[in-house]
A.B. asks: 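I am attaching a structure below and will ask some questions about it afterwards.
Proteins come first, then strands; the chains are lettered A, B, ... in the order of their sequence lines, and each starts at number 1.
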Number of protein chains: 2
Amino acid sequence: MQLDERKVKILQAIIRNYLETGEPVGSRTISKYTDLNLSSATIRNEMADLEEMGYILQPHTSAGRIPSDKGYRLYVDAMMEEKEKELEELKEMMIEKEDKMDHLLKQVAKLLAVNTNYATMISAPVVHKNKLKFIQLSRVDTHQLLAVIVMEGNVIKNNILHVAEELNDETLLKLNILLNTNLNGMALEEINLGTISMMKQQAGVHSDIVSDVIDAIAEGIKAEEDLQIYTSGANNIFKYPELADNQKASEIINTFEEKQMLTELVQERLADEENTGIQVYIGNETPIQTMKDCSVVTATYELGEGMRGTIGIIGPKRMDYDKVVSTLKTITHQLDDLYKDRK
Amino acid sequence: MQLDERKVKILQAIIRNYLETGEPVGSRTISKYTDLNLSSATIRNEMADLEEMGYILQPHTSAGRIPSDKGYRLYVDAMMEEKEKELEELKEMMIEKEDKMDHLLKQVAKLLAVNTNYATMISAPVVHKNKLKFIQLSRVDTHQLLAVIVMEGNVIKNNILHVAEELNDETLLKLNILLNTNLNGMALEEINLGTISMMKQQAGVHSDIVSDVIDAIAEGIKAEEDLQIYTSGANNIFKYPELADNQKASEIINTFEEKQMLTELVQERLADEENTGIQVYIGNETPIQTMKDCSVVTATYELGEGMRGTIGIIGPKRMDYDKVVSTLKTITHQLDDLYKDRK
DNA sequence: TGTTAGCACTCCATTGGGTCGAGTGCTAAC
DNA sequence: GTTAGCACTCGACCCAATGGAGTGCTAACA
């Protein structure tokens with residue numbers, strides 16, 4: 001059987017209607033809803049076909065039809081294509097240009113959640129090419145050193161080191177020079193045992209401090225790797241009865257709270273360097289099992305120089321894909337602009 | 001009417017039973033439950049009295065009784081007194097001694113949530129006496145300076161400053177000396193316009209850099225003030241049917257997600273310098289309106305030198321107060337120990 | 001051949017009555 | 001002061017009946 005234009009129109013009508021109401025859609029509704037001027041009987045025949053083809057399904061014998069995952073997929077694909085064409089103006093948004101990245105991201109998540117009425121997440125940008133830019137040791141106390149490590153993109157790590165013997169200014173200066181001449185400009189992956197042992201040798205009696213600094217750098221990488229994720233609007237799921245029953249709600253809320261599980265979404269996106277577009281996971285397509293009753297829309301944003309993060313919107317399958325996709329586009333562009341402004 | 005010993009015993013029996021089952025408790029149950037050897041009829045009489053006195057109430061005419069907020073209050077007060085006396089051994093806990101404070105706090109929140117089956121929150125310690133310990137400007141790039149500000153308690157703030165003209169090493173050194181001699185050891189509140197203008201004058205052409213650093217310090221205070229709160233186990237509320245209906249669950253989850261509202265709990269506790277004990281809010285006693293159907297138990301922990309935070313456990317009114325109070329005591333002591341070890 | 005009206009049928013949601021049981025208050029007896 | 005007993009109340013649960021929304025199928029129509 002073939003999916004002719006009329007079938008597509010009917011399918012779209014079913015989906016749109018279901019998106020609005022959340023109730024199964026009957027043939028009579030469609031017969032009035034569309035401008036096709038077909039009787040409910042004809043619609044019924046077409047609907048039987050669509051069901052056979054797997055685009056819609058009946059929750060039970062004498063109910064209306066609801067879209068299947070496959071049906072949503074068709075709808076979304078068509079819509080995405082449309083969106084891709086229209087180059088939309090970026091709307092004004094109320095982002096206070098906070099200096100602190102995490103404040104900004106929290107705000108973005110919240111803004112999105114409030115605007116869309118869905119749950120949202122955003123991952124902090126991950127720096128891919130992590131080069132050391134600058135290292136500085138300073139004496140804070142007689143037995144405490146402060147190690148400041150600045151990486152490309154002005155990501156800064158601090159560490160307090162405890163030292164047994166007090167260091168004089170000259171030694172400190174020497175160590176600083178040693179560290180900077182050897183490490184500046186190096187990508188983190190390039191720092192190998194050879195470099196380290198050489199530096200230790202040069203540091204002489206203070207080799208343990210070099211070790212400490214290296215450790216601090218290593219820790220910096222680690223901290224960077226378990227990426228920050230901010231969420232908002234998890235309680236929006238209560239607005240959709242099909243997600244609000246205790247069992248499901250509990251699982252979803254938990255996923256949001258743990259955040260750990262959300263990284264799967266992010267990983268999946270960031271792994272693919274090329275893919276910077278918008279991705280839609282419907283129902284079981286999602287990589288996160290607990291969200292199999294939801295749909296997830298993700299977008300990748302970029303802050304120049306390989307710093308990329310992911311934004312996600314999580315809602316019921318009957319989410320307003322249209323609006324969500326537009327909103328995500330706008331937001332990712334905004335983030336882009338923000339970066340340029342700050343540069 | 002007076003609350004004699006027998007009434008108290010019956011009240012306790014009612015509460016204990018209700019805590020376990022979550023169902024209204026009938027007279028026959030109590031008659032078998034306690035070792036008072038009283039018939040259900042007698043219990044009924046006593047229960048009528050207790051109801052009149054406001055300690056228990058009937059959800060509807062022919063149901064058993066459930067404790068009122070006032071009833072819980074009596075129970076909790078009695079229990080607290082008991083607990084205060086027994087000096088309990090600190091149990092072994094699985095806290096990895098992470099260096100990063102926020103990891104630690106997240107872990108504590110989670111640990112608590114898993115152990116108690118309630119929702120938990122913990123606020124990052126707030127430093128009350130914020131003294132500057134050390135300031136350092138370093139050149140990162142031709143037009144970028146890194147300002148590192150270390151405060152008492154090794155709280156570190158970084159800021160990248162953008163400068164128009166390139167500074168030579170000597171100027172940088174001078175500025176560093178200027179900043180440190182004028183500001184070190186000062187409490188943040190003590191830095192006034194007088195100090196600032198004097199420093200600016202001394203800095204001459206570079207007075208704008210001094211301004212920037214002062215701004216950075218000011219921002220440091222601000223960031224410190226809107227305190228970090230970590231939460232865990234919000235989805236535990238679904239385990240208690242009386243909290244799991246959509247309306248209530250949504251509100252509670254929202255409160256947890258926003259976190260902002262939770263600060264009220266913290267503020268209330270931290271304002272009172274003396275009060276470092278455990279506080280129980282039952283139902284409407286809570287300062288957070290959305291939690292009027294819950295009980296909240298909070299404890300203050302101290303990491304020496306005026307760094308204090310708050311831990312809270314949020315559950316149904318029929319929470320196992322006994323266990324919660326013990327657990328909180330253990331945890332706060334543990335945090336104390338942790339600090340001593342690291343010192 | 002595609003479209004439509006009509007009809008029988010299915011199934012869910014809702015409603016209302018009936019029953020059951022847990023629990024109460026009251027009274028009278030111990 | 002305590003208890004047994006009894007009538008009463010009220011929510012929970014079950015069940016059957018009802019109604020409505022929606023379907024599939026068939027026959028007639030353009």
A.B. asks: Partners of A:Asn246 by side-chain hydrogen bond (donor to acceptor under 3.5 Å, both in side chains), sequence neighbours excluded?
C.D. replies: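 A:Asn246: no side-chain hydrogen bond (donor to acceptor under 3.5 Å, both in side chains) contacts found.
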A.B. asks: With a 4.0 Å cut-off, would you call B:Asp69 and B:Arg73 a salt bridge?
C.D. replies: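 Looking at B:Arg73 together with B:Asp69, the answer is no, because their closest N to O distance does not fall below 4.0 Å.
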A.B. asks: In Watson-Crick or G-U wobble terms, both distances under 3.5 Å, what is the partner of C:dG2?
C.D. replies: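 Per the H-bond distance test, D:dC29.
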A.B. asks: Rounding to an integer number of Å, can you tell me how far A:Asp49 CG sits from D:dT23 P?
C.D. replies: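 Atom-to-atom, A:Asp49 to D:dT23, this comes out as 13 Å.
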A.B. asks: If we call it a pair only when both distances are under 3.5 Å in a Watson-Crick or G-U wobble match, what pairs with D:dC6?
C.D. replies: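 Paired with D:dC6, as far as the under-3.5 Å criterion goes, is C:dG25.
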A.B. asks: Report, as a single string ordered 5' to 3', how protein heavy atoms within less than 4.0 Å touch nucleotides 3-16 of chain C: B base, S sugar-phosphate only, - not at all.
C.D. replies: SBBB---BBS----
A.B. asks: From CG of A:Leu50 over to P of D:dG24, roughly how many Å is that when rounded to an integer?
C.D. replies: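 In whole Å, D:dG24 P lies 12 Å from A:Leu50 CG.
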A.B. asks: Atom CD1 of B:Ile30 to atom P of D:dT3: distance rounded to whole Å?
C.D. replies: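 Checked: the CD1 to P distance equals 15 Å.
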A.B. asks: Using atom CD1 of B:Ile56 as one end and atom P of C:dG23 as the other, report the distance to the nearest whole Å.
C.D. replies: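 Rounding to the nearest Å, CD1 of B:Ile56 and P of C:dG23 are 13 Å apart.
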A.B. asks: Rounded to the Å, how far apart are B:Gln58 CD and D:dC10 P?
C.D. replies: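 Value for this atom pair: 10 Å.
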A.B. asks: Does A:Lys70 count as lying over the ring of A:Tyr55, i.e. NZ or CZ under 6.0 Å from the six-ring centre, within 45 degrees of the axis?
C.D. replies: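 Relative to the ring axis of A:Tyr55, which defines the angle, A:Lys70 lies inside both limits.
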A.B. asks: Quickly work out the B:Ile43 CD1 to C:dT24 P distance and round it to whole Å.
C.D. replies: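 Going from B:Ile43 (CD1) to C:dT24 (P), I get 10 Å.
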A.B. asks: Please determine if A:Glu20 and A:Arg318 form a salt bridge, counting it only when a charged side-chain N lies under 4.0 Å from a carboxylate O.
C.D. replies: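 Salt bridge: no.
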A.B. asks: Would you call B:Asp293-B:Lys317 a salt bridge at under 4.0 Å N-O?
C.D. replies: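 No.
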A.B. asks: Does a side-chain N or O of B:Arg28 approach OP1 or OP2 of C:dT24 to a distance below 4.0 Å, or not?
C.D. replies: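 So the side-chain polar atoms of B:Arg28 never come under 4.0 Å of the phosphate oxygens OP1 or OP2 of C:dT24.
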A.B. asks: Side chains of A:Leu50 and A:Ile10: closer than 4.5 Å at any heavy-atom pair?
C.D. replies: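 Touching, per the 4.5 Å side-chain cut-off.
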